[in-house]
Protein chains: 4
Amino acid sequence: MATRFPATTQSSRRIPRQQRSRATVDAIVEAAAHVLATRGWAKFTTNEVALAAGASIGSLYQYFPDKLALVDSVRTRHLDAVLAALPDPDTLDLATPLAVRVDQVIDGVIAVHSINQRLHRVLLDEVPLAMRESDSVFEVEYLRRYQALVLPDTACSPGPGDVMAAKVLASAIEGAVHAAAARGELGVSEVRRELKGLVGAYLRERRVQAVER
Amino acid sequence: MATRFPATTQSSRRIPRQQRSRATVDAIVEAAAHVLATRGWAKFTTNEVALAAGASIGSLYQYFPDKLALVDSVRTRHLDAVLAALPDPDTLDLATPLAVRVDQVIDGVIAVHSINQRLHRVLLDEVPLAMRESDSVFEVEYLRRYQALVLPDTACSPGPGDVMAAKVLASAIEGAVHAAAARGELGVSEVRRELKGLVGAYLRERRVQAVER
Amino acid sequence: MATRFPATTQSSRRIPRQQRSRATVDAIVEAAAHVLATRGWAKFTTNEVALAAGASIGSLYQYFPDKLALVDSVRTRHLDAVLAALPDPDTLDLATPLAVRVDQVIDGVIAVHSINQRLHRVLLDEVPLAMRESDSVFEVEYLRRYQALVLPDTACSPGPGDVMAAKVLASAIEGAVHAAAARGELGVSEVRRELKGLVGAYLRERRVQAVER
Amino acid sequence: MATRFPATTQSSRRIPRQQRSRATVDAIVEAAAHVLATRGWAKFTTNEVALAAGASIGSLYQYFPDKLALVDSVRTRHLDAVLAALPDPDTLDLATPLAVRVDQVIDGVIAVHSINQRLHRVLLDEVPLAMRESDSVFEVEYLRRYQALVLPDTACSPGPGDVMAAKVLASAIEGAVHAAAARGELGVSEVRRELKGLVGAYLRERRVQAVER
DNA sequence: CATGAATGAGCGTTCATTCAT
DNA sequence: GATGAATGAACGCTCATTCAT
C-alpha cells in the first residue's frame with residue numbers, strides 16, 4: 001500500500017519543499033520514534049527529540065506546531081507500516097482456503113507487533129488518549145482486512161452482522177497479540193496456534209450458520 | 001470475593017485512626033478515581049485531586065507517600081470491583097453447561113467494563129507502565145476464572161496448553177470488550193452475541209479435540 | 001554554676017507548673033537535641049521532634065511558640081553544659097602556675113566539644129544565624145573564663161587590651177578545637193600539645209611585656 | 001594564583017556558547033552570592049536567585065543542574081578570591097624575617113574576610129555540610145600557605161608535627177578572625193595586633209625549640 | 001531559515017503551624 | 001490540657017514553547 005498522506009497534512013506549519021527540509025523532518029520523526037520507543041512517553045520531550053535528531057528545538061517547531069503533531073506523525077508512520085504487514089483483501093485470491101487466510105492474517109498481525117514492539121506498545125499504552133484522535137482512515141482500512149476474513153467466500157456486500165463480527169474479531173486478535181507481546185511471548189508457537197484455533201473455530205462456525213440460512 | 005486488603009497496607013504514611021480521617025482518605029481516593037476518569041492521566045495532578053476531594057494537598061500527603069501510592073489505591077479498588085463482577089470458579093457448578101458458563105463470563109466482563117468505563121481505560125491505557133507494577137495477586141485470580149472456562153468439565157489440573165489457551169482467551173475477550181467500550185458500543189447486543197459466538201466456538205472445538213485424544 | 005534560667009524565659013507560652021508538664025517539656029527538649037544531633041538541622045522538623053519525644057505536635061506548640069524557641073532551648077541547655085566544663089575563675093587559686101591554668105582551660109574546651117560533638121557542630125554550623133541570636137549572658141560568662149587566663153596574676157581590673165586579648169584567645173582556641181573536631185582529631189594528643197603551646201607562648205610573652213611596662 | 005577552573009566543569013548542563021548566555025550565567029552566580037550574603041542560606045531559594053539575577057528560573061536550571069551546583073559555583077568563586085588574598089609561599093623570599101611573614105599572613109586573612117564578610121560567614125556557617133563537600137584542592141592549597149609560616153626557615157620537608165602545627169595555627173587564626181568579623185571588629189587595630197602577637201609568640205617559641213633539638 | 005537562550009506556568013512534595021475534637 | 005487531622009504557602013525543578021540573533 002502506498003503512503004496515505006502526501007505530507008503531514010494536519011500540520012498548520014509550512015510543508016517542507018526543499019530536500020534539505022525534507023531530510024530534517026525525516027530525521028525529526030525518526031528521532032521521535034526512537035525516543036518514544038526507547039525512553040517511553042514520559043521521557044519523550046521535544047528538546048530530547050531535537051537533540052536526538054541533531055536539529056535545534058527551533059527547527060522542530062518550524063515543522064511541527066506542537067508536541068501533538070509530532071507524535072501524530074510518528075503514529076501515522078507506524079500505522080502505515082502496520083497496514084503494509086497485513087494482507088490486502090484486494091489482492092486476495094477468493095479461492096484461497098479459509099485456513100490459509102487465517103494463517104496469513106494471524107502471522108501478519110504478529111509480524112506487525114514484531115516490527116517495533118516497544119514503539120507499538122508505547123503508542124497504544126502510554127500516549128494519552130487525547131493525543132490518539134482515532135485515525136479513521138487507518139481504522140477503515142484496517143477493518144477492511146478483517147471483513148475479507150469474515151465474509152463468506154462469494155463476493156457480496158457485508159451485512160451489518162458481518163461488520164460487527166469483523167470488529168470483534170479484529171479487536172480480539174489485537175488484544176491477544178498485544179497481551180502476548182506484553183508478556184514477551186510473541187515468538188512462542190503456542191500463542192500462534194491457539195490464536196489460529198480461536199479465529200478458525202469462529203469462522204468455521206459462522207460459515208456453517210450462513211449456509212444454514 | 002472479599003476485598004484483598006485488610007487495610008491500605010502499602011502506605012508508609014500513618015494510617016487514619018479517627019473517623020474523620022477515614023472519611024478524608026475515602027474522599028481522596030474517590031476524587032482520585034474521578035479525576036483519573038474524567039480528566040485522564042495527564043491532568044491527574046495531586047493538587048487537582050486534593051481540590052476535588054475537598055481536602056488540602058497536605059492532607060493528601062498525610063495518607064499517601066506519593067502520587068504512585070495514590071494511583072495504586074485507585075487501581076486496587078477498581079481491580080477488586082472487577083474481580084467481584086466475574087464468576088468465581090470455586091462456586092461454579094461443574095454441571096453447568098458450557099454455553100451458560102460462557103454467557104456468565106462474557107456478561108461479567110462486559111459488566112466490569114460498564115462499572116467505570118473511562119476509569120478502566122485510563123488505568124489500562126494511560127497510566128505509565130512503571131506505575132502499573134503488575135498486580136500479580138489480581139492477575140493470578142483473573143486467570144483462574146478463565147481457566148475454569150477452558151478446562152474440560154472433569155476436574156483435573158490444567159496442562160500447559162490449557163494455561164496458554166486461558167491466556168489467549170482472556171486477552172482476546174479483554175481486547176474485544178475494551179475496543180467495544182472505546183467505540184461506545186458496550187451496550188450493543190451484537191457485540192455480546194458475536195463475542196459469545198467467538199468464545200463458544202473455540203471452546204466447543206477444543207472439547208471435541210480433547211475427546212479425540 | 002547554677003542554671004542561668006529559672007525557666008525558658010523567652011517563651012511567650014505558659015511556663016509549665018505541674019510536674020507532668022515539666023516532664024513533657026524535658027522530653028521535648030531532650031528529643032529536640034537528639035534529633036538535631038543525629039539528623040542535622042535539615043531534618044530537624046517539629047513533627048519529628050514531637051514524635052521522638054512521644055508527645056503530640058499540639059503539645060509541643062503548647063510549650064514552645066515556634067521552632068525558634070525550641071532550638072533556642074536546646075542551645076541554651078548545651079551552652080550551660082559548656083560553661084560547666086570550663087574552670088570557673090571565681091574558684092581559681094591565683095597561685096596556680098600559668099602552665100597549669102592553660103592546661104585546665106584547653107582540656108576543658110576539648111572536653112566541652114567532646115560532650116556532644118555532633119550537637120555542638122550542628123548548633124554552630126547548621127542552625128541559621130538568624131536563629132542564633134547571640135546569647136549575651138553566655139558570652140559574657142564565657143569571656144570571664146578567658147580573662148582570668150589573660151590577666152596578670154595579681155587581681156586587678158582588666159584593661160581594654162586585656163579584654164581584646166581574651167576575645168582573640170577565646171575565639172582562636174574555639175576555632176582550633178572546632179576544626180579539629182570537624183576533622184575527627186579531637187582525641188589526638190598532638191592537637192592538645194600544639195594548642196597548649198600556642199596559648200602558652202602567647203601568655204608568657206604577654207606577661208613579660210606586662211612586667212617590662 | 002590563577003583561577004582553579006578553566007570553566008564550570010562540574011555542571012552536567014550545557015555550557016554557554018553565546019556571549020548572551022555567558023552574561024546570564026555570570027548574573028546568576030553574582031545574584032546567588034548576593035542573595036546568600038544578604039538573606040542567608042534559609043532564604044536562598046532558586047526562584048529568588050533567578051529573580052535577583054533578572055533571569056527566569058528556567059534559565060537558571062539551564063546552566064546549573066540543581067541548587068547544589070549553584071551554591072558550589074558561588075563557593076568556588078569565593079575560595080578563589082580567598083586564596084588570591086593570601087601570600088603564595090612559592091613567591092616567598094625565604095630571607096623574609098618571620099615577623100614580616102606573620103604580618104603578611106594575618107593581614108591577608110583579615111583582607112580575605114573583608115572581601116565579602118557576610119558571604120564568607122554564610123558559606124562557612126549555614127550552608128549544610130553535605131553541600132560543602134570539602135574542596136580538597138582549596139584546603140591543600142590553603143594549608144600550604146600556613147606551612148610556609150610554620151616551617152623553619154631552611155627549606156625542608158615538613159615533619160608530622162609541622163603539619164599539625166599548621167592545622168592548629170590555620171584554624172586558630174581562622175577562628176579569631178571569623179569571630180572578630182562576627183562582632184564587627186575586623187577593622188579594629190587591636191585585633192590585628194593581638195593576633196599577630198599570638199601567632200608570633202608561637203612561632204618564635206617553636207623556632208627556639210627546633211634549634212634546641 | 002536555523003539556532004539555542006530564554007521563558008514561566010505548573011508540577012510533586014514538605015513542613016511549620018492551627019484548631020476542632 | 002492533649003491530640004493529631006488539616007492546612008496551604010512555598011520549595012526545587014521540568015519542559016513545551018517563543019523569539020532575538
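All values reported here derive from a predicted model rather than from experimental measurement. A, B, ... follow the sequence lines: proteins, then strands. Residue 1 opens every chain.
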Qualifying residues under side-chain contact (heavy atoms from CB on, under 4.5 Å), relative to Thr46(B), sequence neighbours excluded: Ile57(B), Leu60(B), Tyr61(B), Lys67(B)

Sugar-phosphate atoms are those with a prime plus P, OP1 and OP2; base atoms are the rest. Using that split, label each nucleotide of nucleotides 9-14 of chain F B, S or - for protein heavy atoms under 4.0 Å, 5' to 3'. B-SBBB

Between Leu51(B) and Asn47(B), is any pair of side-chain heavy atoms under 4.5 Å apart? no

Are side-chain heavy atoms of Asp72(B) and Phe64(B) found at a separation under 4.5 Å? no

Output the rounded distance in Å from CH2 (Trp41(B)) to C1' (dC11(E)). 12 Å

So do Trp41(A) and Val71(A) actually touch side chain to side chain, heavy atoms under 4.5 Å? yes

Between P on dT17(F) and CG on Leu70(A), what's the gap in Å once rounded to a whole number? 10 Å

Taking all non-hydrogen atoms of both residues into account, name the closest pair between Leu119(D) and Ala33(D) and its distance. CD1-O, 3.8 Å

Which one, dA2(E), dA5(E), dT7(F), comes nearest to the side chain of Gln62(D)? dA5(E)

Can you measure Tyr63(B) atom OH to dT13(E) atom P for me and round it to whole angstrom units? 18 Å

Does Ser59(B) have a side-chain nitrogen or oxygen under 4.0 Å from the phosphate oxygens OP1 or OP2 of dT7(F)? yes

Look at Arg77(A) together with Asp80(A) and state whether they make a salt bridge at an N to O cut-off of under 4.0 Å. no

The bend of the helix from dA2(E)-dT21(F) to dT21(E)-dA2(F), taken between the axes of its five terminal pairs at each end and rounded to 10°, is 10°

Integer-rounded Å distance: dG1(F) P and Leu60(C) CG: 16 Å

Regarding Ala50(C), tell me which of base, sugar-phosphate or nothing describes its non-hydrogen contacts under 4.0 Å with the strands shown. nothing

At their closest point, which heavy atom of Lys43(C) faces which heavy atom of Val35(C), and how far apart are they? O-CG1, 4.0 Å

Residues Ala53(C) and Ala27(C): closest non-hydrogen pair is CB-O, 3.6 Å

DNA chain E nearest-nucleotide lookup for Thr24(D) and Ser56(A): closer to the 5′ end is Ser56(A)

Measure from CG on Leu51(A) to P on dA2(E) and round the result to the nearest Å. 17 Å

With a 4.5 Å cut-off on side-chain heavy atoms, are Phe44(C) and Leu70(C) touching? yes

